[in-house]
There are 2 protein chains.
Amino acid sequence: MKNKKNDTTESLILEAAKSIFQTKGMDGARMQEIADKAGINKAMLHYYYRNKQLLFEAVFKNAFSLLAPQLNTILNDDSSIEEKIRNFSSNYITFITEHPYLPNFVIQELNKNPAFILKMKENKAFPNIEKFKKQVDFEVQNGSIKQIDATQLFINILSLNVFPFIAKPLIMGLIEVDDVAFKAIIEERKTAVANFIINSIKL
Amino acid sequence: MKNKKNDTTESLILEAAKSIFQTKGMDGARMQEIADKAGINKAMLHYYYRNKQLLFEAVFKNAFSLLAPQLNTILNDDSSIEEKIRNFSSNYITFITEHPYLPNFVIQELNKNPAFILKMKENKAFPNIEKFKKQVDFEVQNGSIKQIDATQLFINILSLNVFPFIAKPLIMGLIEVDDVAFKAIIEERKTAVANFIINSIKL
DNA sequence: TTACGGTTTAACCATATGGTTGACAAATGT
DNA sequence: ACATTTGTCAACCATATGGTTAAACCGTAA
């Protein structure tokens with residue numbers, strides 16, 4: 001039942017590396033484990049990706065390139081701020097539910113190596129916040145939303161949507177729920193987060 | 001100018017281990033590096049803490065025990081919800097600014113080992129959310145705040161306050177600011193976050 | 001003074017780990 | 001059919017790493 005993309009050796013490696021790196025991080029991952037998961041010899045990893053660092057970067061860029069379009073939904077789309085917030089919250093939570101390790105992986109490795117974000121910026125599709133800022137400022141002037149700093153609003157939107165996935169084990173411990181209940185809470189957030197934000201900024 | 005606690009060998013080790021583990025994580029940390037930082041022989045680490053795992057757990061518990069009281073501020077204090085939100089946001093952001101690696105460290109290692117939260121729960125001071133829930137429900141009934149689920153509100157408060165620290169490199173990249181500007185944004189959040197939340201729940 | 005317990009060190013050990021090599025097979029081109 | 005490139009593997013290598021050991025050091029109490 002191999003349904004992922006091709007099963008060329010190269011993509012077998014990438015899939016295996018993705019799964020190992022995203023759960024264990026750069027430091028925790030072992031080349032041997034990746035090779036085993038891919039069902040190939042360890043030498044193959046080096047044949048296709050030279051060394052651990054380059055294999056890791058391939059995985060990281062791939063992960064980041066999945067997140068970027070999500071952000072562009074809220075940054076470069078043409079709808080109103082309110083619509084954007086509703087769309088983003090719903091879409092993002094759905095998306096991450098299907099890729100639960102993504103945000104934690106990206107954020108964690110970015111913390112260990114902050115300069116890495118520069119490499120990501122070289123990418124054409126790197127999210128740009130300018131349009132969003134202008135729009136918020138405009139809607140504030142316009143009187144369609146309350147006075148608020150666009151950057152702070154952006155950080156808030158991100159926080160409310162991303163944090164629960166990153167802090168899942170902590171939150172589950174604090175609010176004392178099991179996996180099923182947590183899932184339900186996340187599901188509810190698809191609309192609850194947007195409502196919460198909009199409540200705060202609408203007049 | 002050694003001003004940290006004692007400078008017994010044991011606490012020298014703990015301080016060094018804290019600094020290394022919190023920046024590099026369990027996997028990234030090297031016993032030799034900890035020994036060097038503590039200015040002692042590597043064998044000493046094992047003499048005082050048997051092995052890497054136990055040394056790590058000592059550091060982790062210590063870190064967690066610093067965060068718990070912060071949470072109890074919002075959970076078990078007697079003020080109104082609104083006051084709690086203002087106090088917590090301001091206090092927490094101040095506190096983390098002084099211990100920037102703490103939240104990321106705790107959350108990261110909890111992700112790698114979710115069962116760890118159980119060990120933390122054995123601690124008497126482990127935060128309990130019940131009082132907070134009752135209070136929110138009461139204030140909702142009471143008509144002093146809008147209808148909102150207490151658990152979701154709690155997650156929101158946590159998200160808005162904690163996330164910016166965890167995702168600092170990502171956020172800095174996205175909103176294109178340097179360290180100084182980021183610091184200013186964080187400073188502003190000491191009040192802005194509370195305002196944002198309260199705006200959302202007040203009638 | 002000496003015996004003793006806790007402390008500290010240098011040297012050592014076993015294993016894990018990222019990476020390499022050389023042989024060999026499977027395609028691919030001519 | 002033959003040569004050349006590309007892909008794959010088992011075995012190997014150098015080093016890093018967590019952990020151990022045996023001896024030395026040092027204060028102190030008998």
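Only heavy atoms go into these numbers, but all of them, side chains included; no hydrogens, no water, no symmetry mates. Here the structure is a predicted model, which means the values were calculated and not measured. Within every chain, numbering begins at 1; the chains are lettered A, B, ... in the order of the sequence lines, protein sequences first and strands thereafter.
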Nearest whole angstrom, please: distance from the [atom2] of [N] to the [atom1] of [X].
X       : N      : atom1 : atom2 : result
A:Met31 : D:dA16 : CE    : C1'   : 16 Å
A:Asp27 : C:dA16 : CG    : P     : 19 Å
B:Gln32 : D:dG18 : CD    : P     : 9 Å
B:Asp36 : D:dA16 : CG    : P     : 14 Å
B:Met44 : D:dG18 : CE    : C1'   : 16 Å
A:Leu45 : D:dT8  : CG    : P     : 12 Å
B:His46 : C:dT7  : NE2   : C1'   : 16 Å
A:Lys52 : C:dA16 : NZ    : P     : 16 Å

Query raised in the report: For C:dG18, does either OP1 or OP2 sit under 4.0 Å from a side-chain N or O belonging to A:Arg30?
Result: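 So the side-chain polar atoms of A:Arg30 do come within 4.0 Å of the phosphate oxygens OP1 or OP2 of C:dG18, strictly under.
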
**Report entry** Comparing A:Ala29 and A:Ala43 on DNA chain C - which has the more 5′ nearest nucleotide
**Finding:**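 Counting from the 5' end, the first nearest nucleotide belongs to A:Ala29.
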
Looking only at side-chain atoms of [X], point me to the closest of [options].
X       : options               : result
B:Thr9  : C:dT8, C:dG18, C:dG19 : C:dT8
B:Tyr47 : C:dG19, D:dG18, C:dT7 : C:dT7
B:Tyr48 : C:dT8, C:dT17, C:dG19 : C:dT8

Query raised in the report: Got a sec: does the CZ of B:Phe182 have more than 12 other heavy atoms crowding it under 6.0 Å?
Result: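 Counting other residues, nucleotides and ligands, CZ of B:Phe182 exceeds 12 neighbours.
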
**Report entry** Atom NZ of A:Lys121 with >12 non-hydrogen neighbours under 6.0 angstrom
**Finding:**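 Yes, enclosed.
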
Query raised in the report: Between NZ of B:Lys84 and CG of B:Asn76, what distance do you get to the nearest 0.5 Å?
Result: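 That separation rounds to 7.0 Å.
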
Query raised in the report: Is there a donor-acceptor pair under 3.5 Å between the side chain of B:Ser90 and the backbone N or O of B:Lys190?
Result: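 Judged by distance alone, no pair lies under 3.5 Å.
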
